Amino acid sequence: MSALKPVRGTHDILPGDMHRHRHVEQTAREVARRYGYAEVSTPIFEFTDVFARTLGDTSDIVTKEMYTFEDKGGDSLTLRPEYTAGIARAFISNGLAQELPLKVFCRGPMFRYERPQKGRLRQFHQVDVELLGVAEPLGDVEVMALGADFLAALGVADKVTLELNTLGDAESRAAYRAKLVEYLEGHIDGLSEESRLRLRRNPLRILDSKDEGDRAIVAGAPLMSESLNAASRNYFDELGAGLDAAAVAYRINPRLVRGLDYYCHAAFEFTTEALGAQGTVLAGGRYDGLIAQMGGPPTPGTGWAAGVERLAMLIEEPPPPPRPIAIVPIGEAMGERAIAVAQRLRGAGFVADLGYSGNVGKRLKRANKIGARAAVLLGEDELARDAATVRDLDTGDQVEVPLSDLVEHLARYQKP
RNA sequence: GUGGCUGUAGCUCAGUUGGUCAGAGCGCUUGGUUGUGGACCAAGAGGUCGUGGGUUCAAUUCCCAUCAGCCACCCCA
């Protein structure tokens, strides 16, 4: 075991895993494209304020999980812990209020100083979808439908459930918060120590506590739905009707809440039982107040993020990449000829692999190991006839093919 | 951040109630003659038994610390 280890909570993504990651990201990109979402990318770090001012000072992400550092110019920067704040910043920086509604897809690494566990890393990846400028519930329906389609395209639809709740608008939420706190204070003796702390900072979180005592108390707590004002009530009804119309199945979970302060109305999560405690695979909601709070023009927004590593663990092995054609020179003198042929095949769109050393046996062995579909053997004999021997590595059959016909001949093994 | 479990070759794992106990399978390398892979056979390389201390005549095996992974809490994707 080497002394050289990766930083805690980070890991190298080697070809096997990378294949799964790419499949997750590529599927998200493709489904998002069908919904008219254009891919964008924002920097991996931002001024610390971008996150500190928007995520809320009660969230754990800001209070203890950010990778914050001072750069050589003395600015406080933070490695992004999530994507939405960066998108909102980019929206303001680039004056994109002129282009509403704005639909974007993005992906990339996120950084959170958490205690690592399976499915919970310090550097992890998300795919993310944001819809800005649409205040109607149909906007939420669109992003949720996109999420559901994405998960279905990954083949995990039967492993996940969409849970949905409403946080109401600011007025409803404040009213509910007051009622909830009043109720919980009446049962404060039965609350866990942790929940007593949350009572002041983030009482909604107590709703999804896993502590048995808390759960018993929460079971009798007032419901958000009872505190919704007419507008919020109406919003949620329309959202449900829209999801029905889009044929997106969901389950209402009145205890579903959010750790981040900027959410309102729709809050949703696709969860699975298959990943233990890290069961949330895709989650999001509406954040109408965020952009105004950052100093931009008041702009509604909704969207979600999904964990690439978690999804990569959940999916079946994705279809393998195209099998290469191995180029096998026979004898020292054939090296240059081999690279010329390889270049020609690559230029024609083939995956061509050259091993660069060893005798014929070794090179064929390598061809076999990398899963090559066929081998192109180039020796003195073939050279004399301006030809190559093509060996089918699955059947073992081989034929001599004039170099001029090589591309055409190999097309049966791999469509260029 | 809290509590618990684990840590032996690249991988998956045996093993030692402290003294030929450093092992297996897979993988890797080489060979089984000339320009032919996959199967098979043979040989070989590779580990200071996570790291650092301590106890002991002696520790990979016991104790402590530390690091890492995993599980639950917490948090969330």
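Every chain is numbered from 1, with letters handed out A, B, ... down the list of sequences. Just so it is clear, the structure is predicted and the values come from calculations on it, not from any experiment.
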Rounded to the Å, how far apart are A:Asp12 CG and B:rG69 P?
12 Å
Just by distance, with hydrogens left out, do A:Glu142 and A:Tyr37 show a side-chain donor and acceptor under 3.5 Å apart?
yes
Any donor-acceptor pair under 3.5 Å between the side chain of A:Arg391 and the base of B:rG37?
yes
How many whole angstroms separate atom CG of A:Leu314 from atom C1' of B:rA77?
12 Å
For the residue pair A:Asp169 and A:Tyr235, confirm or rule out a side-chain donor-acceptor distance under 3.5 Å.
no
Quick one: label A:Gly9 by what it contacts on the DNA or RNA (base, sugar-phosphate, nothing), any heavy atom closer than 4.0 Å.
sugar-phosphate
Could you note down all residue pairs passing side chain to side chain donor-acceptor pair (under 3.5 Å) where residues 7-22 of chain A supplies at least one of them, sequence neighbours left out?
A:Arg20-A:Glu317
Look at all strands and tell whether A:Leu282 reaches a base, only sugar-phosphate, or nothing, counting heavy atoms closer than 4.0 Å.
sugar-phosphate
Base, sugar-phosphate alone, or nothing: which one does A:Asp394 contact when heavy atoms must sit under 4.0 Å apart?
base
A:Ser172 side chain to A:Ser227 side chain, donor-acceptor N/O pair below 3.5 angstrom:
no
Quick one: label A:Asp381 by what it contacts on the DNA or RNA (base, sugar-phosphate, nothing), any heavy atom closer than 4.0 Å.
base
From the candidates B:rU36, B:rG37, B:rA77, the one with an atom nearest any side-chain atom of A:Ala283 is B:rA77
Going by an N to O cut-off under 4.0 Å, is there a salt bridge joining A:Glu212 and A:Arg215?
no
I'd like the C1' distance from B:rG46 over to B:rC28, given in whole Å.
9 Å
Between A:Gln293 and A:Arg53 (side chain of the first, backbone of the second, donor and acceptor by atom type, cut-off under 3.5 Å), is there such a pair?
yes
Side-chain donor/acceptor of A:Asn368 to base of B:rG38, under 3.5 Å
no
Could you go step by step and tell me if A:Tyr287 and A:Glu130 meet the side chain to side chain donor-acceptor pair (under 3.5 Å) rule?
CA-CA 10 Å; A:Tyr287 49 89; A:Glu130 309 289 352; 2.5 Å; yes
Given atom CD of A:Glu82 and atom P of B:rC76, what is their separation to the nearest angstrom?
11 Å
Per nearest nucleotide of RNA chain B, the residue lying toward the 5' end, A:Pro6 or A:Arg366, is A:Arg366
Pick the C1' atom in B:rC71 and in B:rC64, then give their distance to the nearest Å.
24 Å
For A:Gln398, which contact category applies under a 4.0 Å heavy-atom criterion: base, sugar-phosphate, or nothing?
base
Name the closest nucleotide to the A:Arg310 side chain, picking from B:rG35, B:rC76, B:rG38.
B:rC76
Measure the spacing between NZ of A:Lys118 and CD of A:Glu309 and express it to the nearest 0.5 Å.
13.5 Å
Side chains of A:Ser209 and A:Asp214: donor-acceptor distance under 3.5 Å anywhere?
yes
Rounded to whole Å, please give me the gap between CZ in A:Phe268 and P in B:rA77.
11 Å
Roughly how far apart, to the nearest Å, are B:rG52 and B:rU12 at atom C1'?
28 Å
Can you check nucleotides 70-74 of chain B for protein contacts, nitrogen or oxygen pairs under 3.5 Å, and list what you find?
unit_1	atom_1	unit_2	atom_2	d
B:rC71	OP2	A:Lys118	N	2.8
B:rA72	OP1	A:Ala277	N	3.4
B:rA72	OP2	A:Gln117	NE2	3.0
B:rC73	OP1	A:Lys210	NZ	3.4
B:rC73	N4	A:Arg120	NH2	3.2
B:rC74	OP1	A:Lys210	N	3.2
B:rC74	O3'	A:Arg198	NH1	3.4
B:rC74	N3	A:Arg120	NH1	2.7
B:rC74	N4	A:Arg120	NH1	3.1

Expressed as a whole number of angstroms, how long is the span from A:Ile330:CD1 to B:rG35:P?
9 Å
When the C1' atoms of B:rG47 and B:rG27 are considered, how many whole Å apart are they?
16 Å
If you draw the axis of the six-membered ring of A:Tyr83, does the NZ or CZ of A:Arg80 fall within 45° of it and under 6.0 Å from the ring centre?
yes
So, does A:Lys365 get its side chain near the phosphate of B:rG38, meaning an N or O under 4.0 Å from OP1 or OP2?
yes
Could you check how far CG of A:Leu151 sits from P of B:rA77, rounded to whole Å?
15 Å
Rounded to whole angstrom, note down the P distance from B:rA22 over to B:rG50.
16 Å
Which of A:Leu180, A:Val181, A:Ile188 passes side chain to side chain contact (heavy atoms under 4.5 Å, CB included) with A:Leu184? Answer is A:Leu180
Span that lies between the P atom of B:rU51 and that of B:rU61, in whole angstrom:
10 Å
Taking the same atom, P, in B:rC63 and in B:rG18, what whole-Å distance lies between them?
10 Å
Ionic contact status for A:Arg337 with A:Asp386, cut-off 4.0 Å:
yes
Starting at atom CE of A:Met110, determine the distance to atom C1' of B:rA77, rounded to an integer number of angstrom.
9 Å
When the P atoms of B:rA9 and B:rC49 are considered, how many whole Å apart are they?
10 Å
Output the rounded distance in Å from CG (A:Leu256) to C1' (B:rA77).
14 Å
Which nucleotides of RNA chain B pair, in dot-bracket form (Watson-Crick or G-U under 3.5 Å, | meaning another strand):
(((((((..((((.....[...)))).(((((.......))))).....(((((..]....))))))))))))....
Applying a 4.0 Å non-hydrogen cut-off, can you work out what A:Glu382 is touching in the nucleic acid: base, sugar-phosphate, or nothing?
base
Looking at the side chain of A:Lys362, which of B:rG37, B:rC75, B:rG31 is the nearest nucleotide?
B:rG31
